[in-house]
Visitor: 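This is the structure, below, for whatever I ask next.
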Amino acid sequence: MKKYNLLLAAIITTCLLSCGKGGSTPAPDNTTTTYTVSTIAGSGNSAAPPADGTGVNASFYFPTSITADPSGNLYVVDGQIRKVTPAGTVSTFAGGTTFGYVDATGTNASFNSIQGIVSDASGNLYVCDNGNYRIRKITPAGVVSTFAGNGTKATVDGPASTASFFAPRYITIDASGNLYVTDAGSIRKITPSGLVSTLINNGYYDRIAADVAGNIYVANGFKIIKITPSGVTSVFAGSIDALTSGFADGTGTNAVFGGLRDITIDPAGNLYVFDNGRIRKINPAGVTTTLAGTGVAGYKDGAASSAQFADIGALTIDASGNIYVVEGNNKRVRKITKQ
């Protein structure tokens with residue numbers, strides 16, 4: 001069990017919206033550690049239809065979410081589920097080209113507006129099938145089944161087959177294999193056996209990640225909210241004032257964010273967030289630094305300090321500590337590595 005927990009902790013990703021508040025400003029992470037940004041897949045051609053291929057010969061429609069499996073393969077939500085190998089080879093892994101609800105294998109399955117995605121330690125994927133009000137499971141062989149939800153738009157706890165979801169959007173997994181789903185102002189918990197309960201129901205929750213201790217972190221507008229396993233909430237980073245936005249590195253509530261789009265976590269408990277064209281890092285003590293990006297929307301690879309990203313994107317991290325960024329507007333998968 002200890003080996004299982006360590007492996008799962010290594011791939012937790014979860015399965016991510018200028019006046020500013022000042023504060024202490026640590027040196028950006030990329031001044032002490034050298035990071036490089038590169039493109040591993042996607043042509044970036046906005047006129048090109050989705051196409052499988054390798055590297056820039058592949059194309060995406062509008063990728064919105066991403067996760068990594070234990071082998072380092074990436075899975076991208078792009079209407080369908082697209083698979084990207086470590087070598088940058090893109091294939092269509094699951095889901096057809098039309099909306100629907102069909103449990104089947106590979107492209108014979110159908111979804112209705114997939115949102116979040118996460119992988120477990122065995123390489124099974126779990127996705128929020130928003131339009132079908134269900135959580136779907138996809139095995140490494142591409143077999144799609146319904147894991148939880150009866151298809152009724154409602155908020156009902158209980159066993160997987162009778163529970164219902166109102167608007168499941170994003171998803172993460174903890175070291176014990178419990179899933180957490182953001183669902184229209186609630187965070188729902190699903191045990192490995194499929195029992196659905198409501199962890200908390202008091203606000204707007206979006207992209208989500210879990211640490212090895214079972215704490216949940218949510219990228220919620222302009223701040224990061226921490227939720228303990230017992231449901232106690234606090235602001236971990238970013239201004240307590242919901243209307244304060246901008247850009248400032250700092251500790252705890254002295255940090256300022258401009259529009260949090262996604263969040264992921266590494267085994268050491270460091271959070272990484274996509275923040276309005278920048279990748280920001282928040283260590284377990286709550287210190288926020290800037291890892292990559294200038295905050296100017298665009299597309300530029302190279303040194304992290306001068307790299308440019310789209311203003312909307314999603315993140316994941318693999319077991320080797322590589323960070324991957326997928327951007328709807330740039331239609332690419334980017335990689336951030338330490339040099």
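Nothing fancy with the numbering, it's 1 onward along the sequence. Everything numeric in this text was worked out from a predicted model, so none of it was measured.
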Visitor: Determine whether Val156 and Thr162 satisfy the following criterion, side-chain contact (heavy atoms from CB on, under 4.5 Å), listing intermediate values before the conclusion.
Guide: CA-CA 8 Å; Val156 178; Thr162 59; over 6 Å; no
Visitor: Side chains of Ile282 and Asn270: closer than 4.5 Å at any heavy-atom pair?
Guide: no
Visitor: Quick one: does Val144's side chain get under 4.5 Å of Thr105's, heavy atoms only?
Guide: no
Visitor: Do you reckon Tyr35 sits in the same ILVMFWY cluster as Tyr272, going by side-chain contacts under 4.5 Å, direct or chained?
Guide: yes
Visitor: Testing the 3.5 Å rule here: is there a donor-acceptor pair between the side chains of Asn57 and Ser43?
Guide: no
Visitor: Check for me, please, whether Ile40 and Phe60 land in the same ILVMFWY cluster - side-chain distances under 4.5 Å, paths through other members count.
Guide: yes
Visitor: When you check the side-chain N and O atoms of Thr89 and Thr54, is any donor under 3.5 Å from an acceptor?
Guide: yes
Visitor: List the residues meeting salt bridge (Lys or Arg N to Asp or Glu O under 4.0 Å) with Arg134, not counting sequence neighbours, and say none if there are none.
Guide: none
Visitor: Does Asp183 come within less than 4.0 Å of Arg169, counting only side-chain N to carboxylate O?
Guide: no
Visitor: Quick one: which residue pairs count as a ring-ring contact (aromatic ring centres under 6.0 Å, His included) with a foot in residues 137-163, not counting sequence neighbours?
Guide: Tyr126-Phe147
Visitor: For Tyr61, does its backbone N or O pair with a side-chain atom of Lys331 as donor and acceptor, under 3.5 Å?
Guide: yes
Visitor: Quick check on the hydrophobic clustering: are Leu199 and Ile225 connected, directly or via other members, by side-chain heavy-atom contacts under 4.5 Å?
Guide: yes
Visitor: Could you walk me through whether Ile81 and Val127 pass side-chain contact (heavy atoms from CB on, under 4.5 Å), step by step?
Guide: CA-CA 10 Å; Ile81 306 296; Val127 299; 4.1 Å; yes
Visitor: Between Val256 and Gly246, what is the shortest heavy-atom contact and its length?
Guide: CG1-N, 3.3 Å
Visitor: Ring centroids only, cut at 6.0 angstrom: are Phe111 and Phe99 within range, meaning strictly under it?
Guide: no
Visitor: Without swapping roles, check the side chain of Arg82 against the backbone of Ala51 for a donor-acceptor pair under 3.5 Å.
Guide: yes
Visitor: Does Thr155 reach the main-chain N or O of Phe165 with its side chain, forming a donor-acceptor pair under 3.5 Å?
Guide: no
Visitor: For the backbone of Pro49 and the side chain of Ser59, can you confirm whether one donor and one acceptor N or O come within less than 3.5 Å of each other?
Guide: yes
Visitor: Val76 and Pro63: which non-hydrogen atoms are nearest, and at how many Å?
Guide: CG1-CB, 3.5 Å
Visitor: Tell me every residue that passes side chain to side chain donor-acceptor pair (under 3.5 Å) with Asn45, counting only those two or more places apart in sequence or in another chain.
Guide: none
Visitor: For Val287, is there any backbone N or O sitting under 3.5 Å from a side-chain donor or acceptor partner on Asn283?
Guide: yes
Visitor: Do Ile227 and Tyr170 belong together in a cluster built from hydrophobic side chains that touch within less than 4.5 Å?
Guide: yes
Visitor: Answer yes or no: is there a side-chain heavy-atom contact under 4.5 Å between Thr107 and Phe93?
Guide: no
Visitor: Could you measure the distance from the CD1 atom of Ile114 to the OG1 atom of Thr64? Nearest 0.5 Å is fine.
Guide: 8.5 Å
Visitor: Any luck finding a side-chain donor-acceptor pair between Tyr101 and Asn112 under 3.5 Å?
Guide: no
Visitor: Show the nearest heavy-atom pair for residues Arg278 and Thr294, with the distance to one decimal.
Guide: NH2-O, 3.0 Å
Visitor: At their closest point, which heavy atom of Asn201 faces which heavy atom of Thr198, and how far apart are they?
Guide: CB-CG2, 4.0 Å
Visitor: Would you check if the side chain of Asp206 reaches a backbone N or O of Ala219 as a donor-acceptor pair within less than 3.5 Å?
Guide: no
Visitor: Given 3.5 Å as the limit, does a donor-acceptor pair link the side chain of Gln115 with the main chain of Cys128, or not?
Guide: no
Visitor: Leu271 versus Thr264: any side-chain heavy-atom pair under 4.5 Å?
Guide: no
Visitor: Taking atom types as modelled and ignoring hydrogens, do the side chains of Tyr75 and Thr316 form a donor-acceptor contact shorter than 3.5 angstrom?
Guide: no
Visitor: Would you please test Asp174 and Tyr180 for side chain to side chain donor-acceptor pair (under 3.5 Å) and show each step?
Guide: CA-CA 8 Å; Asp174 70 14; Tyr180 299 87; 2.9 Å; yes
Visitor: Is there a path of hydrophobic side-chain contacts, each under 4.5 Å between heavy atoms of I/L/V/M/F/W/Y residues, joining Leu260 to Phe236?
Guide: yes
Visitor: Check whether any side-chain heavy atom of Asp318 lies under 4.5 Å from a side-chain heavy atom of Tyr324, and answer yes or no.
Guide: yes
Visitor: So Leu179 and Thr172, do their side chains get closer than 4.5 Å, heavy atoms only?
Guide: no
Visitor: Under a 4.5 Å cut-off applied to non-hydrogen side-chain atoms, are Val325 and Val333 in contact?
Guide: no
Visitor: On a heavy-atom basis, which atom in Pro284 and which in Gly269 lie closest, and how many Å separate them?
Guide: CG-O, 3.7 Å
Visitor: Please give me the minimum heavy-atom distance between Pro168 and Asp129, naming the atom from each residue.
Guide: CG-O, 4.3 Å
Visitor: Is the closest side-chain donor-acceptor distance between Asn150 and Thr152 under 3.5 Å?
Guide: yes
Visitor: Rounded to the nearest 0.5 Å, what separation is found between the CZ atom of Arg136 and the CG atom of Leu125?
Guide: 12.5 Å
Visitor: Flag the pair Asp157 and Arg188 as a salt bridge only when some basic side-chain nitrogen lies within less than 4.0 angstrom of an acidic carboxylate oxygen.
Guide: yes
Visitor: Looking at Lys223 and Asp241, is there a salt bridge between them, counting it only when a charged N and a carboxylate O are closer than 4.0 Å?
Guide: no
Visitor: Can you tell me how far apart CZ (Phe247) and CZ (Phe257) are? Round to the nearest 0.5 Å.
Guide: 9.5 Å
Visitor: Among side-chain atoms of Asp249 and Thr290, is any donor-acceptor pair under 3.5 angstrom?
Guide: yes
Visitor: Any side-chain to backbone donor/acceptor pair from Asp211 onto Ile216? Under 3.5 Å, distance only.
Guide: no
Visitor: With sequence neighbours left out, what residues match Asn329 under side chain to side chain contact (heavy atoms under 4.5 Å, CB included)?
Guide: Phe62, Ala310, Asp311
Visitor: Is a side-chain donor-acceptor pair under 3.5 Å present for Ser119 with Asp69?
Guide: no
Visitor: Hey, are Asn73 and Thr85 close enough side-chain-wise for a donor-acceptor pair under 3.5 Å?
Guide: no
Visitor: Please name the residue in the list Leu291, Ile265, Ile263 that meets the side chain to side chain contact (heavy atoms under 4.5 Å, CB included) test with Val273.
Guide: Ile263
Visitor: Could you measure the distance from the CG atom of Asn108 to the CG atom of Asp103? Nearest 0.5 Å is fine.
Guide: 12.0 Å
Visitor: Check side chain to side chain contact (heavy atoms under 4.5 Å, CB included) between Tyr299 and all other residues, then give those that pass, not counting sequence neighbours.
Guide: Thr39, Asp301, Asn330, Arg332, Arg334
Visitor: How many angstroms lie between CD1 in Ile138 and NZ in Lys83, if you round to the nearest 0.5 Å?
Guide: 12.0 Å
Visitor: For Phe166, does the six-membered ring have the charged nitrogen or CZ of Lys153 within the cation-pi criterion, i.e. under 6.0 angstrom from the centroid and within 45° of the normal?
Guide: yes
Visitor: Please identify each residue that fulfils side chain to side chain donor-acceptor pair (under 3.5 Å) with Thr228, with sequence neighbours left out.
Guide: Ser230
Visitor: For Ala141, is there any backbone N or O sitting under 3.5 Å from a side-chain donor or acceptor partner on Thr139?
Guide: yes
Visitor: Do Ile187 and Ile208 come close enough that some side-chain heavy atom pair is under 4.5 Å?
Guide: yes
Visitor: Atom OG1 of Thr97 and atom CD of Gln80: how far apart are they, to the nearest 0.5 Å?
Guide: 6.0 Å
